[in-house]
Every structure is written in C-alpha cells, then in structure tokens.
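Just the heavy atoms: all of them, side chains too, but no hydrogens, waters or symmetry mates, feed the values below. Each chain gets a letter, A, B and so on, in the order the sequences are listed, and its residues count up from 1.
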Amino acid sequence: MSWGFTRHDALRRFLSVQYGRVRSHNSNLFDMEPDNLPSTNDSSSAEEDFDSLVLFGMLRGNVVGLRYYTGVVNNNEMVALQREPNNPYDRNAVKVNNVNGEQVGHIKKELAAALAQIMDRNLAKVEGIVPYGAQNAFTMPVNLSFWGREENKQGVLDHMKKYGFKLGPIQQSSQGFQGSFSQRAHSQYNAPSLPAMQMTTEQLKTEFDKLFEDLREEDKTRELEPSEAVETSLLPHQKQALAWMVSRENSNELPPFWEQRNNFYYNTLTNFAIKEKPDSVKGGILADDMGLGKTLSIIALILTNFYDGKPFPVGKDIYGKSSLQDKSLVEDDSGKSSKKKHAMRKIDETHEIASSSKGETRPKRRQKAGKAKYTLSDSEEEERIPRKVKAPLACSVVDDDDFATALFGTLPAVKKKTKKKGIVKSSTDISTKYDTQMHQRTTLIICPLSVLSNWIDQFEQHVKADAKLNIYIYYGAERNKNPDFLSKQDVVLTTYNVLTHDYGNESPLHKIRWLRVVLDEGHIIRNPNAQQTKAVHSLDSERQWVLTGTPIQNSLKDLWSILSFLKLKPFTDREWWHRTIQRPVSMGDQGGLRRLQALIKNITLRRTKTTKVNGKPVLQLPERKVYIQHIKLSPEERQIYETMQNEGKNIIGRYFNEGTVLTHYADVLAVLVRLRQLCCHPHLVPTSLSGSLSGSSTPDELREKLVNKIKLVLISGSDEECSICLDSLNMPVITRCAHVFCKECICQVIYRKQPNAKCPMCRGEVRLEHLLECPEEESDMSDHEQKWISSSKINALMHALTEQRNKDPRVKSIIVSQFTTFLSLIETALRESGFTFTRLDGSMNQKKRTEAIQSFQRSHNDSPTIMLLSLKAGGVGLNLTAASRVYLMDPAWNPAAEEQCFDRCHRLGQTKEVIITKFVVKNSVEENMLKIHNKKRELAAGAFEGNKQTSSEIKQARINEIRTLVDL
DNA sequence: ACCGCCGGGTGCC
DNA sequence: ACCGCCGGGTGCC
C-alpha cells in the first residue's frame with residue numbers, strides 16, 4: 001500500500017516547516033554580506049519554540065513619526081514591532097504598535113534597515129519597551145531586546161554591528177519580565193530579596209500541578225439554587241459551580257491585571273492604559289474532573305442565568321414567579337430597574353406565545369408531580385422517565401444524513417420545527433422581538449461528535465418539560481443554515497468538525513452574536529495553528545465557557561488558545577501572553593508564576609473527585625473492591641500452553657543471545673499474545689498467524705504477514721507508544737522490518753534521512769512505499785467456526801455470573817477482554833446459560849455503540865444484564881453505571897487502561913458497591929504481567945513531564961519487560 | 001521640533 | 001561669496 005500524490009505533497013509541506021528547526025550552526029555564514037544572512041527557512045519556529053529562546057542583548061532605539069498615528073504609550077509600556085515590507089517609502093520599514101495593536105510610529109530608518117533582515121529571517125524576535133512614552137510628540141525612545149536561538153546569537157550581533165549598532169547588556173531603564181533584571185518600581189514586581197533562582201523542570205512541574213489545586217475561595221463556595229426549569233436537583237458542588245458561573249457572567253469586574261487609575265484603565269503587565277473599560281471576562285474555565293457533572297452545571301447555567309440575571313421562564317406564571325421571586329443576580333442594578341422590568345415583560349410575552357405555539361409540537365413528557373429529585377440514576381427513577389432516545393443514534397461520520405435523521409427522530413420538536421413552515425413562522429415573530437429589541441438568546445455548544453448524543457440526553461433529562469427550551473442540533477447535511485433560524489433557538493448544539501467545516505464558507509455560526517458559547521472538551525483547541533482553533537476563535541459571543549478535565553494538558557502553551565477564546569485582554573494577541581506569562585514562567589521567574597496563578601485562580605473552577613465541600617468529599621462514590629481470581633488451567637489447556645511456551649522461549653531466547661530482541665520485537669509480541677490468548681481459550685490462537693517472517697516469500701505473502709503483524713501488535717495492546725514520539729500511536733503503520741510507528745513520525749524520519757533512512761528500532765532500511773497501514777477491522781472470526789468448547793476461564797466466569805444471578809438477578813455486569821474473539825466465545829456460553837447481553841467493541845460504528853450503551857443502561861426488565869466490552873472501546877466518557885460488577889478476563893499491559901475501564905462504572909451515578917474480578921491464570925504470562933503492572937505504576941507515579949524516558953531507556957525497559965514476561 | 005536639516009537670501013560697520 | 005550667517009520651511013517610513 002502506498003499513498004497518493006496529494007498525501008506526499010501535504011506531508012512535504014508539513015515537513016518543510018518542521019524541518020526548519022534543524023538548521024545550520026555554521027555562524028561563519030554571518031560574515032557574508034547582509035543579503036546572505038542565513039535563513040531559518042522557517043517562519044514559525046521562533047513562535048513555536050518560544051521557550052527555548054535566549055536573550056541576545058538589548059539596544060536603545062527610536063520610534064519616529066508619532067504624530068501620524070493614534071496609538072499612544074505610557075512610560076515603561078510594552079510595544080510590538082512589526083515588519084512592513086510593503087511600505088512604499090522603505091521596504092525595510094518596521095512598525096511599532098502598542099498593546100492594543102494601534103500603530104504608534106516607526107522604527108527610525110537606519111535601525112529599521114538593520115532589523116529588517118533579522119526579523120524577516122526570524123533570526124531573532126525583537127521586542128520593545130518604551131521607557132518614557134508619555135508626552136513625546138514626535139519621537140520616543142524604545143528599548144529593544146533581541147531573543148533568539150543560541151546558534152543565531154553571534155550572527156545577529158555581528159549583523160547589527162555592521163550597521164553600527166551594538167547590542168549591549170541590560171540597560172538601566174529597561175523593563176521586562178526577564179526575572180533577574182526586572183527593575184520595576186511597582187511593588188508587584190519588586191525583585192525578590194534572594195537572588196532569582198532558576199527553577200528546575202521538576203520544581204516547575206510541581207508548581208504547575210499546584211496551579212489547579214487549592215482554588216478554594218469565597219466566591220467559589222457560595223451555592224446557588226438553580227432555576228425552576230432545571231428538573232434535577234443539584235449536588236452541592238454543582239450549586240457552587242452554578243453560583244460561580246452566574247456571578248462571572250453577570251460580573252462587571254475588571255479582567256485580571258487591570259486596574260483603574262485616574263481616568264484610565266491600566267494593565268499592570270504591559271503598562272498599557274486605555275480610557276475605555278476593558279470588557280469583563282464573562283465566562284471562564286470549568287475544569288472539574290470527569291464525572292462531577294460539568295454538563296449538568298452548564299445546563300443549569302443556561303436555564304438560571306438566561307437573561308439579565310433572570311432564569312429561563314417556566315410555565316404560564318413566568319413573570320410573577322420566576323422572575324420576581326428570584327433575587328436579581330446582576331451585579332450593578334443602578335438606575336436600570338425600570339428599563340429592565342420593561343424588558344422582562346416583553347420576554348414574558350414572547351414566551352407566552354412561544355409556549356402556546358410550541359406546545360403541540362413537543363413530545364409528551366413526563367407529567368411532573370412535585371419536585372423531581374436527582375437520585376443517582378438507577379432503577380425507579382430511570383423507569384419513570386420515558387426515554388425518547390429510542391431511535392438509534394446514528395453518529396456515523398460517513399453518513400451525515402442518517403445521523404441527522406436519527407437525531408431529528410430523537411427530538412421530534414426539532415424535527416417538526418424544521419419541517420413545518422407555520423411553526424417556524426410564529427417563532428420568527430417572537431424572536432425578532434428578542435433579538436432586535438433586547439438581547440441575544442442563543443447558547444452555542446460545541447463538542448466532539450462522540451459526546452453530542454450525551455448532551456442531547458442530558459438536556460432531555462435535566463430540563464423540565466414545561467420550560468420549553470428550544471434546542472437545535474446543527475449537524476448533518478440537512479442542517480438549517482439560516483442565521484435567523486439559528487439565533488431563535490435557545491441552544492444550538494454542534495461539533496468542532498462541523499464548525500470547522502463551515503468556517504470561511506458562509507458559516508452561519510460565525511455570523512451570529514451568541515449569548516454564550518460553550519466549548520466542551522475545550523483542550524481540543526489547544527493547537528493555536530489548527531483550523532479548528534481559528535474557527536472557534538472567530539466566534540462572536542457575550543459569554544464564553546470552556547469545559548475541560550485537563551486544562552493544561554502538556555504545557556503552559558496550551559492555555560493561550562483558551563485565554564484568547566475567553567477574550568482575555570491583552571492575551572488575545574499571543575505576543576503579550578508570551579512576554580508577560582509564558583516566557584517568564586518557563587524561565588523560572590517567580591513573578592511570572594505568581595501572575596499565572598492569579599490568572600488561573602481568577603478564571604477557573606476546578607474540583608477533583610477528592611475535593612471537599614463542607615467537609616465532605618464532593619463525590620461520595622460507593623466502595624470499589626478489586627479481587628484477583630486465580631485460574632488453574634485444565635490439563636489439556638496446560639499442555640497446549642506449555643508447548644507454545646517452550647517454543648516461544650526457544651525463539652525469544654535465541655533473540656536474546658543474538659541481541660536482536662528489539663529487531664524481532666513483533667515476533668516476540670506475537671509469542672506473548674499467543675500465550676495470553678491461550679490463557680483465555682485455546683481457540684483464540686488463529687492458525688493463520690503462526691508463520692514467522694524469516695525466509696520471506698512472494699511480496700503478497702510478505703504483505704499479508706506484515707498486516708497480520710501490525711494487527712497483532714495493535715491487538716496486543718503492548719505497543720501503545722510510538723518509539724519515535726514516545727506518545728501513543730497515531731495512525732499506526734508497520735515497516736517492512738515489522739516495527740510499528742505513528743505514520744507521521746516515521747515519515748519524518750524517512751524525509752530527514754533520505755535517501756538512506758533507517759528504522760529507529762533495528763536500523764533496517766525503511767522506505768515510504770513499504771509502509772503498511774492497518775486495514776479496517778474485517779470481522780475475521782478466523783477460527784470461530786470450530787466446534788464450541790468452554791475453557792477454564794470461561795467456566796470460572798460463568799460460575800461467578802450464575803452465582804450472582806441466584807443472589808440478585810438485577811445486578812448488571814461488564815465483561816472485559818482485549819480479545820474480541822474471546823468475547824465472541826463468551827457470548828456462546830452466555831447464551832447457553834440464558835443470560836441477556838449486549839456488546840461494545842471497536843468494530844462497531846457510533847450508531848451501534850450508542851444503541852448498545854443505551855439498552856444496557858436502561859433498567860427495564862428486558863434490558864440486558866451483561867455488557868461485553870473490549871478493553872479499549874469507548875472514550876473516557878463511556879458511562880456504564882448500570883453495572884456494578886466488572887469481570888476483567890485478561891490483564892492489560894497498561895494498568896492505567898484497566899483503571900480507566902473500571903471507572904466506566906465506578907463514577908458519578910453509581911449507587912452500588914462495585915466489585916471487580918480480575919481473572920489471572922496461575923503460572924503463566926498473565927501472572928508475570930501483574931508484576932510489570934507494579935513497576936509501571938511506580939514509573940507513572942514518579943513520571944514528570946520534563947523527564948520522560950528517553951527512547952533508549954524505553955528500549956531497555958522493554959527488553960527487561962520481555963525477560964520478566966517469559967521468565968528468561 | 002525650545003531640535004536638526006535643507007536651501008534661499010544675503011553679505012562692512 | 002567656490003564662504004558664513006540668517007531665518008523660514010519643514011519634519012516617519
């Protein structure tokens with residue numbers, strides 16, 4: 001299999017950017033004429049590698065032409081330098097802009113002539129601080145600092161010298177956040193009494209981890225009762241989230257790092273001042289751990305703070321009840337009250353109309369009697385809720401139409417609205433009033449496709465029927481792209497992919513000013529250059545919320561995109577974020593870290609599962625017990641196992657002697673997988689996989705063997721990491737020497753080393769056209785046709801299940817294995833014993849998955865009591881709380897994968913004690929795997945971001961693992 | 001710009 | 001005077 005031309009080209013383009021980083025260190029090049037200054041050939045490297053830049057030196061220059069521009073600066077204010085190559089008077093021109101992006105002037109031409117080359121070729125980033133900005137009518141001084149890669153330093157210095165500029169050390173009046181030489185008079189930045197110490201990577205990491213701890217504050221512990229329209233009663237920590245979010249949305253307070261001084265608003269980071277009040281950040285980051293109910297919190301927010309601090313209207317008696325009864329949650333109430341009342345009345349009218357016009361279109365909902373309690377799901381309550389999501393949710397990415405149809409089928413109200421012209425019409429009238437006279441009403445929620453149906457469910461579940469919330473799912477080929485229609489909804493739900501697809505393409509989503517935009521799994525936009533991120537940043541809204549469980553996933557860099565989305569000035573421009581926070585922090589500057597902490601504290605609410613509310617843990621999950629059940633193989637099974645084990649030991653032992661374990665890693669894994677499979681069931685070892693790679697035959701045969709190998713590697717679950725990027729495999733491909741890497745990683749290696757690229761694992765030849773991808777999972781139930789027999793493990797499982805059924809037939813169980821064929825064998829046993837079950841594995845499309853999950857989670861009598869689950873199926877969001885028993889049929893390589901799997905039922909919503917049984921075959925590779933688990937856990941506990949294992953360490957660790965596994 | 005620079009006007013005291 | 005000096009015009013890149 002090889003790739004088409006377009007792929008190649010795209011890749012080449014990608015690589016040309018990446019590869020610019022590897023550049024010549026030959027500084028002699030700088031001795032040539034200016035025009036021969038070496039180019040980094042990389043327009044973005046200085047940006048991307050911001051953290052690794054060093055300070056070359058500083059220089060006092062002049063800004064001229066002030067009188068032609070409106071931008072002003074203060075004393076000690078930061079300014080940005082920007083090349084202006086198309087200036088008609090001087091192609092070397094360099095503009096000077098203030099923090100707001102307004103032009104202040106130009107760099108004087110002699111200096112600009114020197115700078116232009118350096119800036120254009122990205123040899124240094126030049127930053128300015130104006131020491132005396134005030135009251136300069138024509139020119140002003142500027143202190144320039146030059147930052148770049150170490151290897152470019154001498155060249156830049158020489159180049160500047162040639163033009164008569166000498167970069168010096170730090171000048172007296174200079175300002176900035178360069179830690180040790182920060183000489184700011186402002187108290188916030190007083191030099192520490194002790195000499196500034198560069199923090200180690202580890203210290204920094206620790207500080208990082210602490211960032212999100214201990215965010216307890218007054219305003220985050222206050223609780224707020226949700227609007228009547230919220231069906232579910234909130235847990236205390238959710239009421240806290242609600243109070244915090246409402247107060248942020250209605251807040252008028254200055255964003256972090258802004259102060260009011262005289263008649264100006266003053267940014268204490270950049271010293272920028274402006275007359276107009278900077279917009280308050282009406283939103284933030286809700287970074288609660290998974291399972292704490294971020295979705296519910298947002299739904300409560302939408303309903304509780306719908307307009308002007310007032311809740312979404314419910315039923316008929318809207319004005320009298322909800323609006324007046326609730327104390328206004330708005331911060332400043334001065335002088336506006338009469339106007340507001342007027343406004344409210346209008347809303348009420350519109351809602352009256354809305355209610356009557358839409359009443360007929362809504363599906364019949366549960367007739368409410370009394371307050372609904374948020375019992376932690378399960379039986380009775382579930383039973384009372386007629387689930388409308390009966391239609392299978394087709395979320396297939398390929399077939400948009402299907403999905404849309406399925407979704408509309410799910411929400412009849414929406415469907416009818418789109419089809420029936422009359423109803424749309426009436427809602428038009430209503431909404432015109434809403435929009436033009438008063439305010440935006442629509443909340444836009446953007447989420448990954450995988451959780452779209454979850455949002456729909458949650459709205460169904462948590463919104464009271466007579467609240468009549470309009471929800472439109474903007475998804476599928478038939479989606480309604482009329483901005484007027486969309487802005488009449490209360491909630492529009494869409495996915496990142498749809499948003500990105502629409503972007504720049506007459507996107508209605510980008511034409512509307514939203515009341516509120518919510519990003520679910522907000523870390524998705526962490527790459528500032530991704531189209532997705534740009535699409536999100538170009539949305540227009542009053543209030544912005546980011547939901548994420550992992551606010552800083554890899555590093556501080558990831559935060560910028562979120563801050564920019566939150567419209568946090570001046571960070572919307574990446575330069576100011578870099579200069580004031582990111583670089584200082586990564587350089588170990590304490591002040592920078594303090595500022596970062598202050599910032600996070602201001603905009604983030606984060607609770608973990610262990611956070612306490614009023615002295616009690618935020619989540620009181622029932623207990624979880626893990627048992628290991630040892631299995632003794634039957635004599636027949638043992639005999640087959642021993643035979644395979646001896647064979648395997650011979651093979652692997654030979655590799656050890658030859659020192660070629662890693663060269664034959666795929667073969668080693670094959671042996672191990674077969675042993676593991678034999679622990680489960682003898683039929684799992686497919687005869688087709690028994691051939692070895694040596695003595696390769698026809699190309700077709702070779703190809704097939706390789707494909708089998710990559711399948712094996714993937715199925716084995718062992719090689720989850722690519723040994724080039726040391727991250728989890730992304731689009732895995734296999735080389736001819738049978739090693740598996742991310743497609744991107746190995747392609748980079750091939751391009752870099754061409755034409756003689758070698759495999760990073762075994763130094764064998766690798767060629768692009770030899771790479772093979774793993775073909776789509778064909779349902780190869782290879783040896784499934786054999787006559788069915790049980791196995792020791794299956795017997796043990798069935799024994800446990802039957803015993804459980806006798807005790808309590810309603811208890812539900814999850815049966816987990818990494819081998820889908822094993823799950824199929826178990827199916828037969830389950831059928832024989834009359835168990836009802838459903839199944840979830842990687843080969844199922846979204847529609848089938850949703851179907852399986854929903855039928856299992858239901859508590860009807862005919863709902864299956866068992867879920868067969870393949871270990872890696874389903875993302876972290878998978879919720880299987882209906883089960884309280886987990887049977888792990890075979891140990892995973894990575895203990896974290898097991899944990900994650902257990903958490904699918906041991907999470908918010910679980911009311912029963914969870915009992916987990918791990919089946920482990922005595923005297924087998926499985927027992928040895930448990931030993932490795934402990935080592936891996938230790939490793940994970942001590943692993944810091946900075947000191948990831950090197951690839952050679954990983955190799956050695958793998959060799960050691962193999963030794964342990966096969967007792968060699 | 002309360003500068004520098006340009007270039008025209010001007011030229012004993 | 002192929003100078004100096006004066007004072008008006010002028011002024012980013």
Side-chain angles (χ1 to χ4, degrees), chain A residues 30 33-37 39-40 43-44 46-47 56-148 152 155-168 171-176 264 270-275 570 573-576 578-579:
Chain A
F30 284 93
E33 286 308 296
D35 278 341
N36 294 325
L37 264 177
S39 163
T40 64
S43 57
S44 56
E47 289 264 345
F56 293 169
M58 300 186 68
L59 179 70
R60 169 68 68 92
N62 281 299
V63 186
V64 296
L66 302 192
R67 63 165 156 160
Y68 298 98
Y69 306 100
T70 53
V72 289
V73 286
N74 282 302
N75 293 348
N76 298 320
E77 184 170 325
M78 292 186 173
V79 289
L81 270 62
Q82 186 191 3
R83 277 281 286 124
E84 194 184 16
N86 294 326
N87 185 300
Y89 304 96
D90 181 359
R91 57 191 189 93
N92 291 324
V94 176
K95 288 206 288 183
V96 177
N97 303 332
N98 71 11
V99 174
N100 226 16
E102 298 152 338
Q103 183 168 5
V104 176
H106 278 103
I107 292 290
K108 207 164 153 46
K109 62 177 180 291
E110 295 79 9
L111 180 54
L115 292 183
Q117 313 249 359
I118 289 173
M119 292 174 75
D120 289 346
R121 293 172 191 194
N122 240 316
L123 296 168
K125 181 133 187 60
V126 189
E127 300 179 349
I129 292 178
V130 172
Y132 325 108
Q135 289 166 336
N136 294 304
F138 305 99
T139 67
M140 60 167 88
V142 60
N143 290 323
L144 302 179
S145 34
F146 291 65
W147 298 81
N152 291 328
V156 168
L157 295 184
D158 291 350
H159 176 82
M160 292 303 292
K161 204 168 178 183
K162 209 166 298 172
Y163 281 81
F165 299 101
K166 195 165 170 252
L167 293 203
Q171 285 158 38
Q172 197 46 244
S173 52
S174 73
Q175 298 294 332
F264 284 90
T270 59
N271 294 327
F272 175 74
I274 190 167
K275 261 227 151 49
D573 183 336
R574 205 134 64 106
E575 174 164 355
W576 310 118
H578 276 134
R579 286 176 64 173

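- Legend: residues meeting side-chain contact (heavy atoms from CB on, under 4.5 Å) with F264(A), ordered by chain and number and at least two apart, are A273(A), K275(A).
- Put simply, Y68(A) rests on the base of dC12(C): the two rings are less than 5.5 Å apart at their centres and nearly parallel, under 30°.
- No N or O donor and acceptor, one from the side chain of D90(A) and one from the base of dC13(C), sit under 3.5 Å apart.
- Of all heavy-atom pairs spanning L111(A) and F165(A), the tightest one is CA-CZ, 3.5 Å.
- Residue contacts shown for K95(A) are absent, as no nucleic acid heavy atom lies under 4.0 Å away.
- Take N97(A) and apply the side chain to side chain donor-acceptor pair (under 3.5 Å) test, not counting sequence neighbours, and it matches Q82(A).
- Straight-line distance from the NE2 atom of H106(A) to the P atom of dC13(C): 9 Å, rounded to whole Å.
- Taking atom CG of N136(A) as the reference point, atom P of dC12(C) lies 16 Å away to the nearest angstrom.
- In this view, D120(A) and R83(A) satisfy the salt bridge (Lys or Arg N to Asp or Glu O under 4.0 Å) rule, not counting sequence neighbours.
- If you take CG of L66(A) and P of dC13(C), they are 11 Å apart, rounded to a whole angstrom.
- The line from CZ of F146(A) to CE of M58(A) is 9.5 Å long, rounded to the nearest 0.5 Å.
- Scored by the side chain to side chain donor-acceptor pair (under 3.5 Å) test, N75(A) finds no partners at all (sequence neighbours excluded).
- A distance of about 16 Å separates the P atoms of dA1(C) and dC5(C), rounded to the whole Å.
- The partner of dC3(C) is dG11(B), by the rule that a Watson-Crick or G-U pair needs both atom distances under 3.5 Å.
- Taking atom CE of residue M140(A) and atom C1' of nucleotide dC12(C), one finds them 13 Å apart after rounding to whole Å.
- Contacts of I107(A) with the nucleic acid, taken as non-hydrogen atoms under 4.0 Å apart, involve only primed sugar atoms and P, OP1 or OP2.
- For residues 94-106 of chain A, the set of pairs meeting the salt bridge (charged side-chain N to carboxylate O under 4.0 Å, His left out) definition, not counting sequence neighbours, is empty.
- In this structure, Y89(A) atom OH and dC12(C) atom P are separated by 10 Å, rounded to whole Å.
- If you take CG of N86(A) and P of dC13(C), they are 18 Å apart, rounded to a whole angstrom.
- Contact between the side-chain N/O atoms of K109(A) and the OP1/OP2 oxygens of dC12(C) is not found at any separation under 4.0 Å.
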What does the list of N/O pairs under 3.5 Å between the protein and nucleotides 1-5 of chain B look like, with a distance for each?
unit_1	atom_1	unit_2	atom_2	d
dA1(B)	N1	R67(A)	NH2	3.3

